[in-house]
Q: 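What follows is a single structure, and I will ask about it in a moment.
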Amino acid sequence: MEFKAVRGTKDILPDTVKVWQYIEGKAKKILECYGYQEIRTPIFEETNLFVRGIGETTDIVSKEMYTFLDKKGRSLTLRPEGTAPVVRAYIEHRLDTRGSPIRLYYFGPMFRYERPQAGRQRQFWQLGIEVLGTSHPSIDAEVIDMTMYLLQELGLNELEVQINSVGCGVCRPRYKEALIRYLSPFFKDLCKSCKEKLSRNPMRILDCKVCFDLKISSPVMIEFLCDRCKDHFEGVKEYLDMLEVTFILKPHLVRGLDYYTNTCFEIIDKNLGAQDAVCAGGRYDGLVEEFGGKPTPAFGASAGIERIIVALEKQGVDVPSSTKVDVYFATIGSRVKKKVFSLVKDLRKKDISTIFEWNDKSLKASLREANRLRSRFVVIIGDTELNRNQAILKDMETGEQKEISLSGLVNVISNLLRRGCK
RNA sequence: GUGGGCGUAGCUCAAUUGGUUAGAGCGAAGGACUGUGGAUCCUUAGGUUGGGGGUUCAAAUCCCCUCGCUCACCCCA
């Protein structure tokens, strides 16, 4: 085989597309029900947007971006995440002037150059949610509740919400100091990469599975929160309780993107492997300002569609069946085909999905094909029927068939379908 | 980027452990039924055994390289 989908990418074939449509459909319905509006941003951006937004030392920026120069020599990057572009658009189009807060969502592919694994691809789709313009803790709870609700509605029920606070510019530095003070005596016990992290970004050590033992008794961020962060975090927990969202406090939970402040959360699915987060996010109160906008608090979340699909499969969730054909034309001979071809459009104009094949198949083959396509009706026309301006209408569920006049065909079929034969 | 496992028809898997012509089920096409689907039976098509090199009288099988898939680390959705 000469060409293949490139490493880390996948074709979504018709059988699977129905799952995607199912997820998209439910997501759109639920998000709009919560008052969220869709936004679509370009798939690539200026490289610096991500470097500044996500953070230069993060893995995403330092080794996972698809960056290229265009013909004018501009450095562009295929978006590795959706928050930075949305924030850019928010500032660029002054979305703050349309009332506050603004509730947005998006759905689209992201790109990261990583080694593919269960639940991890190089092109993957995210459903993202961003609320800009409010620091109220109820928003944090609203988004977590909404994503939980969506995941549950899709059919997942082995979920767990984990939350933590990563503090702010005031309290985080104090915590980092304490963490470094605690870890330094154990320097020799840290794994290679954590040794480097200690001075650069000590909080990421908490994410390391190798150095797990050390962190068990390490100081935790929530004990160092400043009054504002503490109040906020207490508020989030209170609102989650009010919405009856059960959550687990994970004092070691941190995020891999630098823009997060205060609340952060993950929703994991217990049926998944190592990559078990189906949704994650948090507050990013400093990002709008970082990009040159007015100080604007914000909260966001994103869900990995492929992971949701894997989780749905593992749980054996039955996805509603895909589209189905209403009418299949089984015509015999080219004389008939020429005469009848235009009828097909009349049906389609009435919203009746119709298939007509020009190539000569045996009647048996045509019916087999109609059956495979799960067509509701088959219209059979040969010379005998055409000479009398008739057609045979076959009901594929009951197997019954009757003759009807060609001129009345469209109306008869459309009435039958309307009566619930669909 | 590192490590483990695995690459055989479209799909799921066989091939007596190195033995000559690589098989089966599902799927596809056709037929039994010359103008009637799904069930049954029959027939047919479909393979450079991922690719390249090597060892051997002989390689799907052993060795090396390479590509890919997969799982884990790392990281993250």
Side-chain angles (χ1 to χ4, degrees), chain A residues 1-10 13 15 54 57-64 80-83 107-129 147 151 191-194 196-197 201 204-205 207-211 253-257 260 264-269 272-281 300-311 328 330-333 336 360-385 392-401:
Chain A
M1 205 176 306
E2 198 175 355
F3 294 114
K4 281 175 159 178
V6 307
R7 190 163 160 79
T9 68
K10 275 199 175 108
L13 302 176
D15 285 349
I54 301 168
T57 62
T58 59
D59 280 28
I60 293 178
V61 169
S62 63
K63 49 193 188 197
E64 295 175 1
E81 60 100 47
T83 300
F107 188 87
M110 307 295 161
F111 306 85
R112 290 181 202 171
Y113 190 89
E114 294 183 275
R115 189 91 171 247
Q117 193 190 324
R120 197 170 72 186
Q121 292 167 225
R122 290 181 174 178
Q123 176 179 333
F124 60 99
W125 288 63
Q126 283 189 336
L127 168 66
I129 294 137
T147 51
L151 294 169
C191 71
K192 208 174 93 201
S193 67
C194 284
E196 287 163 26
K197 286 180 198 160
N201 200 339
R204 285 238 182 78
I205 294 176
D207 228 4
C208 179
K209 287 175 190 171
V210 182
C211 304
L253 183 68
V254 290
R255 312 263 64 232
L257 292 81
Y260 283 112
C264 67
F265 80 100
E266 263 180 31
I267 299 175
I268 61 138
D269 186 294
L272 264 30
Q275 314 299 327
D276 60 355
V278 288
C279 180
S302 60
I305 306 303
E306 288 85 352
R307 287 185 189 177
I308 292 175
I309 290 173
V310 172
Y328 186 96
T331 49
I332 302 151
V336 174
D360 274 318
K361 271 184 190 172
S362 68
L363 185 55
K364 177 201 272 289
S366 293
L367 280 160
R368 212 185 353 246
E369 181 67 6
N371 189 60
R372 194 187 356 253
L373 294 166
R374 298 193 299 153
S375 183
R376 187 64 183 76
F377 295 103
V378 171
V379 171
I380 301 169
I381 309 172
D383 280 320
T384 336
E385 289 75 27
I392 296 170
L393 181 66
K394 183 180 177 95
D395 182 320
M396 291 296 275
E397 261 169 39
T398 62
E400 285 167 17
Q401 51 188 57

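Order of the sequence lines fixes the chain letters, A, B, ..., with proteins taken first and strands second; residue numbering starts at 1 for each chain.
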Q: Tell whether A/E385 reaches the base of B/G35 with its side chain through a donor-acceptor pair below 3.5 angstrom.
A: yes
Q: Heavy atoms only, 4.0 Å cut-off, all strands: where does A/R255 land among base, sugar-phosphate and nothing?
A: sugar-phosphate
Q: How far, in whole Å, is B/U70 from B/A29 if one measures between their C1' atoms?
A: 34 Å
Q: For a quick test of reading the model: is some side-chain N or O of A/R307 closer than 4.0 Å to OP1 or OP2 of B/C76?
A: no
Q: When all nucleic acid strands are considered with a 4.0 Å heavy-atom cut-off, which category describes A/L257: base, sugar-phosphate, or nothing?
A: sugar-phosphate
Q: Does any N or O donor sit under 3.5 Å from an N or O acceptor when you compare the side chain of A/Q117 with the base of B/C74?
A: yes
Q: Based on the glycosidic angle (syn within 90° of 0, else anti), state the conformation of B/U17.
A: syn
Q: Indicate, with a heavy-atom threshold strictly under 4.0 Å, whether A/G8 touches base, sugar-phosphate, or nothing.
A: sugar-phosphate
Q: Are A/R122 and B/A77 close enough that a side-chain N or O sits under 4.0 Å from OP1 or OP2?
A: no
Q: Determine the minimum heavy-atom distance between A/G119 and A/R307, stating which atoms define it.
A: O-NE, 2.6 Å
Q: If you look at every strand shown and take non-hydrogen atoms under 4.0 Å, does A/A330 touch a base, only sugar-phosphate, or nothing?
A: nothing
Q: Test for a donor-acceptor pair under 3.5 Å between the base of B/C75 and the side chain of A/R120, counting only N and O atoms.
A: yes
Q: Should A/E81 and A/R112 count as an ion pair when the cut-off is N to O under 4.0 Å?
A: no
Q: Quick one: is A/Q275 getting a side-chain N or O under 4.0 Å of the B/C76 phosphate, OP1 or OP2?
A: no
Q: OP1 or OP2 of B/U36 sitting under 4.0 Å from any side-chain N/O of A/K394?
A: no
Q: Passes side-chain contact (heavy atoms from CB on, under 4.5 Å), A/N371 versus A/L367? Steps please.
A: CA-CA 6 Å; A/N371 189 60; A/L367 280 160; over 6 Å; no
Q: Need one value for A/A280: base, sugar-phosphate or nothing, where a base atom within 4.0 Å counts as base even if backbone is also close, heavy atoms only.
A: sugar-phosphate
Q: Could you state the atom-to-atom distance from NZ of A/K4 to P of B/C69 in whole Å?
A: 7 Å
Q: So what does A/G273 touch, heavy atoms closer than 4.0 Å: a base, only the sugar-phosphate, or nothing?
A: sugar-phosphate
Q: Round to the nearest Å and state the distance from A/L373 atom CG to B/G27 atom C1'.
A: 15 Å
Q: Could you check how far CD1 of A/I205 sits from P of B/C74, rounded to whole Å?
A: 13 Å
Q: Can you tell me if the side-chain N/O atoms of A/R115 get under 4.0 Å from OP1 or OP2 in B/C76?
A: no
Q: From C-beta outward on A/S302, which listed nucleotide comes closest to its side chain: B/C75, B/C73, B/A77?
A: B/A77
